[in-house]
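Following: one structure in structure tokens, then a few remarks.
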Number of protein chains: 2
Amino acid sequence: MSHGPDIARIGALIGDPARAAMLTALMSGKALTASELARVAGVGAPTVSAHLVKLAEGGLIAAEKQGRHRYVRLAGAEVAEALEALLGLAQSRGHLPFRPGPDDQAMRRARVCYDHLAGEMGIALYRALHAGGALALAPDGVALTDRGHGLLDGLGLDMPALMRARRPACRTCLDWSERTHHLAGGAGAALLTRFQELGWLRPRQTSRALRVTLEGERELPRLFARLGAGGQGSPGP
Amino acid sequence: MSHGPDIARIGALIGDPARAAMLTALMSGKALTASELARVAGVGAPTVSAHLVKLAEGGLIAAEKQGRHRYVRLAGAEVAEALEALLGLAQSRGHLPFRPGPDDQAMRRARVCYDHLAGEMGIALYRALHAGGALALAPDGVALTDRGHGLLDGLGLDMPALMRARRPACRTCLDWSERTHHLAGGAGAALLTRFQELGWLRPRQTSRALRVTLEGERELPRLFARLGAGGQGSPGP
DNA sequence: TCCATACTTCGTTCCCGGGCGAAGCATTGC
DNA sequence: GCAATGCTTCGCCCGGGAACGAAGTATGGA
């Protein structure tokens, strides 16, 4: 007999096309209203309402009533991480986009993964931080080095707040389009926010894909080069 | 509209209780026959046959006919990793074991995660390797250091074979019971095999849980202490 | 006050898909 | 060869659950 957590319940929640579309939309990190979710899922209001009850009971989403709207978001970074892992598996198994379109390319370039940067840009950021000696292996994952602390501080991140937070500053997340890791956790989230503040990346209305502004096109590679340059190189295998 | 890989298909595959039980059983890494899977899933032969077709079409399992038996295994480490991530999510969401039992404790102690060691023992191994300076951050994940190479060689692992293999030597996998990372990849698999050869761990018939032999009880902590001792300590935060 | 909007609840329909029994094929062993 | 085993295919049944329309309940604005 098999043991372990009941994977079937979560699988069933994700296994419905409407719910899957809703969850995928929520990977943008934005809180969406029930009617917005109805639109992305292509179903009516009563249906989406029933789905929201099930997703909430399953612990995958958190809902918050605000006026006559009901704002829905993913229940946490854990959920987003697992969904990203599933997206990766689906990708590798050839379960292609339900609607392959022109902004597939934009998605691969740069997108939001719950609250941090993913896609080519996300990978480039992670690689630059690693090359610059900003990251080190910790017993429970990845951690910021002193050097990394200084680098992020120099970028204008609020480091005291980051350290104070209950949430771990660094996590890694498996990027489904690039098939390698990018930076998640508090630092990942703060970096994405900062890049948006600086006007280098701009969110889109319709999808998780991020628009890289002209300024971002110029400044981001420059930043990555600068970050990576200071490093003592990666230790040999 | 949402984009990205079609997560619903895989979710639906995992979402059926019988299929979920089958997949969980296959996390033992063993190749099981269709009738064995029927037993763990609690369904009849025709039903399991239909399930196997769907799982194979979805790319989650690989089947191989051998005589009049049909041996089924997970389609690869990628699948196992994603399933482990889902197990973690289910665990954290309070979707408890369908049959909480006495060997739940054994599962948490030491178990097979597809082909490598997981549970408390898996975490202890990872921590010891990290403390001993055997692992370093690489641009695409975790890698063995020169020191780590030497340590594993000293344990009797076939290092040339490990390096020759197409498969990455080191991967990390999110342990669902400990909520932190353990070592996967070629090295993780080779270590588990070695521990079994040495008679420190013994597989069980019925579950993924591993039996820690008396010798293992004595030697494994000793080994972990020895591995961890040589290290230069972890870099500060 | 009254209507419009956003969402939920209820009741109904309907279809997909899991399950099994019976029969059909292979493979093995006597 | 014949029976036994392991698995698949076919046909059928049945239940769960996804979807919507209509009505009900909150909130906000005119």
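In this text the structure is predicted, and so the values were computed from the model without any measurement.
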* To do: Could you tell me the separation between the CG atom of A:Asp16 and the P atom of C:dC16, rounded to a whole number of Å?
  => 14 Å

* Asked: Quick one: on DNA chain D, does B:Thr33 or A:Pro17 contact a more 5' nucleotide (nearest heavy atom)?
  -> B:Thr33

* To do: State whether the side chain of A:Ser49 and the backbone N or O of A:Ala45 hold a donor-acceptor pair below 3.5 Å, judged by distance alone.
  => no

* Just to confirm, is there a sub-4.0 Å distance from OP1 or OP2 of C:dG19 to any side-chain nitrogen or oxygen of B:His51? -> yes

* **CZ/B:Arg218: more than 12 non-hydrogen atoms of other groups inside 6.0 Å** => yes

* Please tell me which of the listed nucleotides, D:dT9, C:dG18, C:dT9, lies nearest to the side chain of A:Ser49? => C:dT9

* **Nucleotide D:dT8, atom C1' - distance to NE2 of B:His69 in whole Å** => 16 Å

* Asked: Nearest-Å distance, OH (A:Tyr71) to C1' (C:dC7)?
  -> 13 Å

* Asked: Within the structure, does a side-chain N or O atom of B:Thr47 lie under 4.0 Å from either OP1 or OP2 of C:dC20?
  -> yes

* Whole angstrom is fine here: how far is it from CD1 in A:Ile14 over to P in D:dA18? => 14 Å

* Structure fact -> Per atom distances to the A:Arg68 side chain, the nearest of D:dT9, D:dC7, D:dG28 is D:dG28

* For A:Arg70 and D:dA26, is the shortest distance between a side-chain N/O and OP1 or OP2 below 4.0 Å? -> no

* Minimum-distance nucleotide to B:Pro46 side chain [options: C:dG18, D:dT9, C:dC7] -> D:dT9

* Could you check how far CD of A:Glu36 sits from P of C:dT5, rounded to whole Å? => 16 Å

* Structure fact -> To the nearest angstrom, the CD-P distance between A:Gln66 and D:dG28 comes to 10 Å

* Under-4.0 Å side-chain N/O to phosphate OP1/OP2 contact, A:Lys65 with D:dT27 -> no

* **Beyond-backbone contact of A:Leu52 with A:Leu37, side-chain heavy atoms, under 4.5 angstrom** => yes

* Judged by atom type as modelled, is there a donor-acceptor pair below 3.5 Å linking the side chain of A:Arg208 to the main-chain atoms of A:Thr24? -> no

* Any idea which of C:dC20, C:dC7, D:dA18 is nearest the A:Ser35 side chain? -> C:dC7

* Take atom CG of B:Leu52 and atom P of D:dT9, then tell me their distance rounded to the nearest Å. => 11 Å

* Is the shortest heavy-atom distance from the side chain of A:Arg108 to the side chain of A:Trp176 under 4.5 Å? -> yes

* Measure from the side chain of B:Arg19, starting at C-beta and using heavy atoms only, and say which of C:dA22, C:dG18, D:dA19 lies closest. => C:dG18

* Asked: Taking the side chain of A:Lys54 as heavy atoms from C-beta outward, which of C:dG18, D:dA18, C:dA6 is closest to it?
  -> D:dA18

* **Euclidean distance, atom CG of residue B:Leu37 to atom C1' of D:dG6 [Å, nearest integer]** => 13 Å

* **Among D:dA19, C:dC7, C:dG18, the one nearest A:Ala34 by side-chain distance** => C:dC7

* To do: For B:Ala50, report the nucleic acid contact type (base, sugar-phosphate, nothing); a contact means any heavy atom under 4.0 Å.
  => nothing

* Is a side-chain donor or acceptor of B:Thr172 paired with a backbone partner of B:Leu183 at a separation under 3.5 angstrom? -> no

